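Numbering of residues begins at 1 and proceeds along the displayed sequence. Since the model is a prediction, treat every value here as computed from it, not as a measurement.
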Amino acid sequence: MTGSPDHKQDEDGHRDPLARFHSYLHGGTSSLLSTLPTLVVFPVYKTVFRQQIHNTPVLQAVGQLYREGLVKLYRGVAPPLVMRTLNGTLLFGLQDTLLHQLSLSSQNVTPTSALPAMAGFGAGLVEAVVFTPFERVQNVLQNGQNDRHLPTLKSVLVRLNAQRLASGYYRAFLPITARNAVGSALYFGLKGPMCAVVAGQGLSPMVSSFISGTLTSMAISLALYPVSVLVANMQAQVGGDVKGVTACWRMLWWSRKKSVTLLYRGGSLVILRSCITWGITTAIYDRQQKLSV
């Protein structure tokens with residue numbers, strides 16, 4: 001990746017378009033290969049979702065999922081699997097493209113070290129526009145309260161199609177945009193320096209990439225976890241009284257008894273999921289990029 005020491009921009013700022021296409025290809029490939037861990041940790045994700053929505057302790061959430069059975073356990077797994085692959089393709093590829101354009105237009109104006117984060121911010125904005133509908137469908141499917149009146153993926157799509165975009169597919173678009181843009185900027189801004197520090201300890205490049213991806217995504221997930229909780233609560237229901245972001249945040253804060261500890265319920269499992277998925281994705285992507293140079 002361009003944000004790492006192994007992938008610098010050419011001195012004259014020009015790159016073969018095929019090299020930029022490789023960023024899209026490698027981003028999609030690395031994310032596709034990480035779908036197996038996504039399948040493995042999906043029950044963890046669903047446990048976190050139950051904690052985010054119902055504010056239940058982890059053992060109670062696990063007990064609920066166990067009683068519902070294996071079929072319902074994996075209800076809602078399709079959107080994140082599709083989104084995971086497409087997300088990697090768009091995020092890594094678009095960030096590399098934006099980074100190339102920024103390096104040409106902001107020479108001697110913006111510090112070179114800040115460009116990966118700026119490109120990541122732009123990629124995160126586009127990511128929110130493209131993937132908010134996927135996240136909306138996923139959260140509706142994962143909410144056990146929707147099982148009776150929205151039993152299938154088709155029924156969810158039909159219901160959302162009948163809604164206005166702001167209350168249907170693009171519900172919670174503003175907090176998702178903020179989360180994705182800031183998260184992507186931090187990821188691409190910190191991953192390269194973090195990888196360099198880890199590599200300085202004498203570890204192999206792939207291990208260094210894995211650790212840097214893990215640590216970076218862990219920090220980002222924890223920092224932005226409250227926003228993810230807000231998004232999950234805003235998107236879990238279809239119809240009813242549609243409230244704005246501020247009103248929903250106020251309701252969420254009160255439902256958590258104004259406790260940061262309760263707001264972060266499920267956060268430890270987010271660390272586990274981030275360690276597995278983003279660590280693997282980062283290691284595979286950086287390895288592919290290095291081999292293609």
What I'd like to find out is whether the side chain of [X] reaches to under 4.5 Å of the side chain of [Y], using heavy atoms alone.
X	Y	result
I176	E135	yes
S208	Q201	no
L150	R159	yes
V245	L230	yes
V231	N139	yes
S228	R179	yes
T110	L115	yes

Check the hydrophobic clustering (I, L, V, M, F, W, Y; side-chain heavy atoms under 4.5 Å; chains of links allowed) and say if [X] and [Y] are grouped together.
X	Y	answer
M194	L222	yes
W278	V182	yes
Y225	L215	yes
Y264	W249	yes
V48	V260	yes

Tell me, yes or no, whether the heavy-atom count around M251 atom CE, taken from other residues, nucleotides or ligands under 6.0 Å, exceeds 12.
-> no
After noting the C-alpha distance and the side-chain angles of T214 and M218, does the key distance pass the side-chain contact (heavy atoms from CB on, under 4.5 Å) rule?
-> CA-CA 6 Å; T214 295; M218 181 191 307; 4.2 Å; yes
Using atom types as modelled, flag every donor-acceptor pair under 3.5 Å from a side chain in residues 165-173 to any protein atom, sequence neighbours excluded.
from: S167; atom 1: OG; to: R164; atom 2: O; distance (Å): 3.4
from: Y169; atom 1: OH; to: L157; atom 2: O; distance (Å): 3.4
from: Y169; atom 1: OH; to: N161; atom 2: OD1; distance (Å): 3.0
from: Y170; atom 1: OH; to: V129; atom 2: O; distance (Å): 2.5
from: R171; atom 1: NE; to: M234; atom 2: O; distance (Å): 3.2
from: R171; atom 1: NH1; to: K243; atom 2: O; distance (Å): 2.8
from: R171; atom 1: NH2; to: K243; atom 2: O; distance (Å): 3.1

Residue pair Q60, Q51: steps toward the side chain to side chain donor-acceptor pair (under 3.5 Å) verdict = CA-CA 9 Å; Q60 183 178 342; Q51 293 184 282; over 6 Å; no
May I ask you to decide whether R50 forms a salt bridge with E68, counting only side-chain N to carboxylate O separations under 4.0 Å?
-> yes
What are the two closest heavy atoms between [X] and [Y], and how far apart are they?
X	Y	answer
A117	G189	CB-CA, 3.9 Å
A283	S209	CA-CB, 3.7 Å
L263	P226	CD2-CB, 3.9 Å
R136	A236	NH1-N, 4.2 Å
N233	Q52	ND2-O, 3.0 Å
P43	L65	O-CD1, 4.2 Å

Going from [atom1] on [X] to [atom2] on [Y], what distance comes out if it is rounded to the nearest 0.5 angstrom?
X	Y	atom1	atom2	value
L90	Q95	CG	CD	11.5 Å
C195	L203	SG	CG	10.0 Å
M206	I280	CE	CD1	9.0 Å
T56	Q64	OG1	CD	5.0 Å
L125	N180	CG	CG	9.0 Å
W253	K258	CH2	NZ	8.5 Å

side-chain contact (heavy atoms from CB on, under 4.5 Å) between T261 and R256, worked out = CA-CA 9 Å; T261 301; R256 297 301 190 265; over 6 Å; no
May I ask you to decide if [Y]'s main-chain N or O and [X]'s side chain share a donor-acceptor pair within less than 3.5 Å?
X	Y	answer
N146	L141	no
S103	H100	yes
T282	G279	no
T216	G213	no
S255	L252	yes

Stepwise side-chain contact (heavy atoms from CB on, under 4.5 Å) test for L91 and F188 = CA-CA 10 Å; L91 187 63; F188 287 106; 3.9 Å; yes
What is the ring orientation for Y187 with F92, classed by angle as parallel under 30°, tilted 30 to 60°, or perpendicular over 60°?
->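 Ring orientation, 0 to 90° scale: perpendicular.
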side-chain contact (heavy atoms from CB on, under 4.5 Å) assessment of F210 paired with V198 | CA-CA 10 Å; F210 177 83; V198 176; over 6 Å; no
For Q138 and Q235, test the side chains for any donor-to-acceptor distance below 3.5 angstrom and give the result as yes or no.
-> no
V238 and its side chain to side chain contact (heavy atoms under 4.5 Å, CB included) partner, picked from V156, N143, V140 |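 Passing option: V140.
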